[in-house]
Amino acid sequence: MNKVFDSQSPTELEAHLAPYAARSAHSRGRRYAEPAPSARTEFQRDRDRIVHSTAFRRLEYKTQVFVNHEGDLFRTRLTHTLEVAQIARSVARNLRANEDLVEAISLAHDLGHTPFGHAGQDALNNCMRDHGGFEHNLQSLAVVDELEEHYGGFNGLNLCFETREGILKHCSRENAARLGDVGERFLSGKQPTIEAQIANLADEIAYNNHDIDDGLRSGLLHIDQLAEVELWRIHYAQAVDTYRQLDGRRMIHETIRRIINTLIVDLIETTRRNLRLAEPVSPDEVRDAPLLVAHSDEVAAQAVQLKRFLFKNLYRHYRVMRMTSKAHRVITGLFETFSQDHRLLPPDHQASDAAVQTRLIAHYIAGMTDRYALKEYRRLFVMDDD
Ligand code: MG
């Protein structure tokens, strides 16, 4: 191997990992064979490719809950993604799982998200209902497998199997059947690696907490309402007890950091217990075991309560619903207009085959940032816009 730096070998970099952790050296490999990297592990290379991708940069201008132009301090898909990676890495390090793989999966997990958050995804799925539908997890996989155009030898980023497996969090049986190896577990009922399981729960911890913060910041939620949420009530009382008098925003942050900490510590402790019981000695034994990365029953119930609260009070707030309705109109308007006349599409999104054309339109719309989608909508529907 051509060593550029006097650095640790990939095997040395992963020597501290637990037996159940995924190791680069034992990866099921990439779709197109490539020489091994010299100064980093295979999973570090995946992470680096993701960070350098176009889809990753677009995350900055895609909605999490609040549309990008609604305020500078709300989470975007990008800052959400970074928070997921932070939480997932903390958990992985404690469990001696592969931090690099967890980071790669976390950074890629939302690459396939449409503009305008879940509203955009629902609208596009509805538009595609007679054409195989639209799932954002599947789209994230399409981005890293096909849509990124960066490398000389292949389309996509040519990531390792384990990273791709982790990105595909959910998948219908129908889609799983045509995906081959990476879809297999949805047919056989197996689990993904411990790293994929960690990234999945880190996603939930991140959005449950930052959505409280953004909800309060926007004024759509009020602290008094949150008293019905046990996780909030316990940790808010602790923050008030410690500080008595603090201005509103600091007290909110002191509460949320405590909630995040409780969730992470509970996740690590419960997972350790599950690992002691199942004793997996390889990633394949993790795949065969029941889900290992989990919260305790008590905390899981509290997290569900918080999620229900957010659903009812934030995601269904009339001001968020107005955005949702607008997003539906924009996405559906774009889709229908392009479907009726594909000559309106930029040439590299045009195809002669009808089925291919429909999927290309979905790829084009899914790839748009919020503001690009709005601009494109204006160009098509407003007479004095060009
Ligand atoms: Mg996410």
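Both counts, for ligands and for their atoms, begin at 1 and track the order of listing. Position 1 is the first residue of the sequence; numbering continues from there.
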Side-chain donor-acceptor pair present, [X], [Y], cut-off under 3.5 Å:
X	Y	result
Asn155	His150	no
Arg287	Gln191	no
Tyr364	Glu376	yes
Asn261	Arg258	no

Residue among His170, His113, His109 satisfying ring pair (Phe, Tyr, Trp, His ring centres under 6.0 Å) with His136: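 Of the listed residues His170, His113, His109, the ring pair (Phe, Tyr, Trp, His ring centres under 6.0 Å) partner of His136 is His113.
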Protein N, O or S atoms lying under 2.8 Å from the Mg ion (ligand 1), listed by chain and number: His80 NE2, His109 NE2, Asp110 OD2, Asp203 OD1
Sole residue of Leu220, Leu216, Leu221 in side-chain contact (heavy atoms from CB on, under 4.5 Å) with Ser218: Leu220
